[in-house]
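This report refers to the structure that appears directly beneath it.
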Amino acid sequence: MSHASSPVADAWTPAQLQAVIDAYQSTPGAMLPLLHAIQDRFGFIPEAAVPLIAEALRHTRAEVHGIISFYHHFRTHPPGRSVIQVCRAEACQSVGSRQLEAHVKASLGVDYHQTTPDHEFTLEPVYCLGNCACGPSIRVNDDVFGRMTPERFDQLTDELSATVLEVK
Amino acid sequence: MAITVYVPRDTTARALDADRVAARIERGAKTRGVDINVVRNGSRGLFYLEPLVEVDTPEGRVAFGPVTPGDVEPLLDAGLLEGRQDHTLALGLTEEIAYLKGQQRLTFSRIGITDPVSIEDYTALRGFEGLKKALALSSQTIVDEIKTSGLRGRGGAAFPTGIKWQTVHDQPAGQKYVVCNADEGDSGTFADRLVMECDPYMLIEGMTIAGLAAGADQGYIYLRSEYPLAHAILNEAIERAVAAGYLGSNILDSGRAFHLEVRLGAGAYICGEETSLLESLEGKRGLVRAKPPLPAIEGLFGRPTVVNNVLSLAAVPFILDQGGQAYADYGMGRSRGTLAIQLAGNVRRGGLVELAFGTSLRELMEDFGGGTLSGRPLKAVQVGGPLGAYLPQSQWDNPLDYEGFAAFGGVVGHGGIVMFDDSVDMGDQARFAMEFCTVESCGKCTPCRIGAVRGVEVIDRIRAGEAPEKNLVLLADLCETMLDGSLCAMGGMTPFPVQSVMQHFPDDLTPRQAVTAGGTTC
């Protein structure tokens, strides 16, 4: 069992944040590209980024907070090593995603928007991954998996946990 | 001479282990001392056969599928690389597969055939011919060609594309934009994704032509963040198109400019609504704008903007290359051309079916789809995404066309067909429609923001047996309020699936205890 926190999530400093922000200052409609860049780099959008973004893009802090919280994709806390999204939409429902969803929650011991205590997995709902002819679908980080079953899910999470341990 | 083997690289093929299949084929060929060249092509859209491996032979490309990593060695032993057809997964010539042969692929004519990012592959199959013709035409002539084609917005609203372009064209010169709505959020749809992952230059070409017609030199593709692979492929294609002179400040030495950039959404379904999308592109919360002003007059950053769905723009290169009439020759009534139908959910043969408007749902679900995946009887079909009605058996013979569907309260939308077998609880589906709206409403207007929350509560009360009859009346009234009072289609159409359950599957919208107690209803 790994207890170390995610190496990606903690590696930010105000100077690094400012460097990312500066790169987008002259981009038209910079807010979303900038928020993506911060989250891609640091794993989440640190609270400390809000006043820096507000200053750079001439918004109030409240506006920046409002934008971050509007979009499901952006998170303000460090995620687990792997972010697992389970598709909740109709096409996947028609082939058993409700049962899969219940299994995933029970198997990881967390609900949506939560991270396992060992920081391995963050569970998120998603409404369609565009793999609707071969559901149920889940996404692990940037990889989509189709025709998912409870058994295959357990196998997959075992493999993902094992990979992390091997690296150490 | 190396043998060419094709293993698709789209999201669905990869979700079914295509990467490992490709790796094992390379390894197996090496062990056997056979020289092969593995091309990671796009998908043909025959998802029930993915991963669909093809091998070049003198007779044409032969197919094998669905291939799992474990099938690779037996297939190689059975002569896959020589194109031998002895194995049970052998499908014969790809072009002769009935599912594919029975289609009318105008827009999707290249998918699965080419390497998605190869400009040479694209131009070898008439790619950029439409753009070359457009560069020789006046902007008004381009708009007229689109009008002749009868093309209507494929995102769902079915607004005539030519009229939209005309409006932007007629605005005084100055900064204008072309925005592609690639926020394909409807469950049961993947046609936009296929365009972007399997034939990205077609979208680039369509947008560039739109820019020439409207007088816009900047385009944005607003892509949903749920499509990371499409993001990578589009960016690579744009980079290559710029390097080859198809995009940039001097397109094919014409002196005309068009710049293109992909912008990622951030997991908000509502941003598929065009005004919400524009707000998001400007860097704001994706709140829906009141119309007027139309985006064609005051769109992105307050400037005239063409906002079109991926499929609308993807139809443009064919129209400019072959002429608007060639496109209009397909279809029925006021629905001209072809529709990209997406067979999804509980379906035996799921995938993309491009056909002229006018095919019936039953033909699609039975002839192409082959019925349900589970083998159980089909009970309900949701057409047109999460805001589309659930259609019972009595409506499956209606031909798919915009006016025909609207006549009975159906929605063609983006062409997604989600099939459900008889194990589905339609009460759960009605509740989910309302629940989805609580999650995805932008919150600007009350009927949508509050109505959806109340909708979930009322359905829960009905199912818990709390005054079900009175609460059903309340639910009907709530649906009317949302329909009439919402600012956009999110709140305005969320009632469609709910009402269709109330009307066609009333037995499922009854107290749960009664059902589990022995199938009786009260």
Side-chain angles (χ1 to χ4, degrees), chain A residues 24 27-37 39-40 53 57 59 63-75 85 87-99 112 124-148, chain B residues 11-12 14-16 47-48 50 184-190 192-193 220 224-230 263-269 271 280-287 300-301 342-347 350-352 373-374 382 385-386 416 418-421 424 428-429 432 436 439-440 442:
Chain A
Y24 285 88
T27 307
M31 185 63 80
L32 263 67
L34 171 53
L35 293 174
H36 274 294
Q39 183 158 306
D40 287 350
I53 297 168
L57 300 185
H59 280 289
E63 282 169 337
V64 176
H65 173 76
I67 293 164
I68 295 170
S69 63
F70 181 86
Y71 294 98
H72 301 306
H73 179 82
F74 297 128
R75 64 175 78 87
Q85 294 182 314
C87 179
R88 294 197 69 215
E90 291 87 343
C92 284
Q93 289 168 10
S94 75
V95 283
S97 68
R98 288 178 206 267
Q99 291 88 322
Y112 286 130
E124 297 286 350
V126 68
Y127 297 91
C128 198
L129 292 165
N131 187 42
C132 314
C134 301
S137 305
I138 68 166
R139 174 176 167 186
V140 181
N141 302 325
D142 274 352
D143 293 321
V144 176
F145 297 84
R147 302 210 196 283
M148 190 48 61
Chain B
T11 293
T12 289
R14 293 183 64 184
L16 299 171
F47 288 147
Y48 66 104
E50 290 293 358
E184 184 178 49
D186 286 359
S187 175
T189 63
F190 39 74
D192 292 355
R193 177 177 70 70
Y220 291 102
R224 64 198 302 255
S225 57
E226 290 84 347
Y227 284 179
L229 188 58
R263 288 288 177 92
L264 271 191
Y269 177 77
C271 291
S280 184
L281 260 183
E282 290 180 6
K284 303 172 190 161
R285 292 161 68 93
L287 297 188
L300 185 63
F301 302 118
Q342 297 130 84
L343 288 175
N346 197 328
V347 56
L352 177 94
L373 179 69
S374 60
Q382 188 177 33
V418 179
M419 294 160 57
F420 291 81
D421 73 13
V424 66
D428 284 348
Q429 299 311 119
F432 179 78
F436 182 66
V439 177
E440 298 295 344
C442 82

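Throughout, protein chains are lettered first and strands after them, A, B, ... in sequence-line order, and every chain is numbered starting at 1.
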Checking heavy atoms, do the side chain of A:V126, its backbone, both or neither come under 4.5 Å from chain B? side chain

Does A:Y127 have its ring centroid less than 6.0 Å away from the ring centroid of B:F436? yes

Which atoms of B:F47 are under 4.5 Å from chain A, going by heavy atoms: the side chain, the backbone, both sets, or neither? both

B:K284 and A:Y71: which non-hydrogen atoms are nearest, and at how many Å? O-OH, 2.6 Å

So A:L32 and B:R263, do their side chains get closer than 4.5 Å, heavy atoms only? no

Identify which part of A:R88 has an atom lying under 4.5 Å from any heavy atom of chain B, answering side chain, backbone, both or neither. both

Using a 3.5 Å distance criterion without hydrogens, assess whether the side chain of A:R147 forms a donor-acceptor pair with backbone atoms of B:L16. no

Given that the side chain runs from C-beta out, which part of B:Q342 has a heavy atom under 4.5 Å from chain A: side chain, backbone, both or neither? neither

Contacting region of B:C442 [heavy-atom separation from chain A under 4.5 Å]: both

Heavy atoms, side chains only, cut-off 4.5 Å: are A:H73 and B:L264 in contact? no

B:G265, B:G351, B:S374: which one forms the most heavy-atom pairs within less than 4.5 Å of chain A? B:G265

Closest heavy-atom pair, A:C134 versus B:T12, reported as atoms and distance to 0.1 Å, is SG-CG2, 3.8 Å

Under 4.5 Å from a heavy atom of chain A, the part of B:S280 involved: both

B:E282 versus chain A, heavy atoms under 4.5 Å apart: side chain, backbone, both or neither? backbone

Using a 4.5 Å cut-off on heavy atoms from C-beta on, say whether the side chain of B:V439 contacts that of A:H72. yes

Contact part of B:D186 toward chain A, heavy-atom cut-off under 4.5 Å: side chain, backbone, both or neither? backbone

Applying side chain to side chain contact (heavy atoms under 4.5 Å, CB included), run through A:Q93 and B:D428 and close with a yes or a no. CA-CA 10 Å; A:Q93 289 168 10; B:D428 284 348; over 6 Å; no

Would you mind checking which part of A:S69 comes under 4.5 Å of any heavy atom in chain B, side chain (CB onward), backbone (N, CA, C, O), both or neither? side chain

Looking only at heavy atoms, which two atoms of A:G130 and B:F190 are closest? And how far apart? O-CB, 3.3 Å

Tell me which of these, B:G286, B:G385, B:G188, has more heavy-atom pairs under 4.5 Å with chain A than the rest. B:G286

Contact summary for A:C132 and B:S187, nearest pair of heavy atoms: SG-C, 4.3 Å

Closest non-hydrogen contact found for B:L287 with A:F70 is CD2-CE1, 4.0 Å

For each of A:H59, A:R98, A:M148, tally heavy-atom pairs with chain B at distances under 4.5 Å, and name the one with the top tally. A:R98

What's the separation between atom CG in A:D142 and atom CZ in B:R14, rounded to the nearest 0.5 Å? 9.5 Å

Pick whichever of B:G416, B:A344, B:G350 has the most heavy-atom pairs under 4.5 Å with chain A. B:A344

If you take all heavy atoms of B:N346 and A:S94, which pair is closest and at what distance? N-OG, 3.0 Å

Under 4.5 Å from any heavy atom of chain B - which part of A:P33: side chain

Would you say that more than 12 heavy atoms from the other residues, nucleotides or ligands in this model lie under 6.0 Å from the NE2 of A:H65, or not? no

When rounded to the nearest 0.5 Å, the distance separating CZ of B:R193 from CG of A:L129 is 9.5 Å

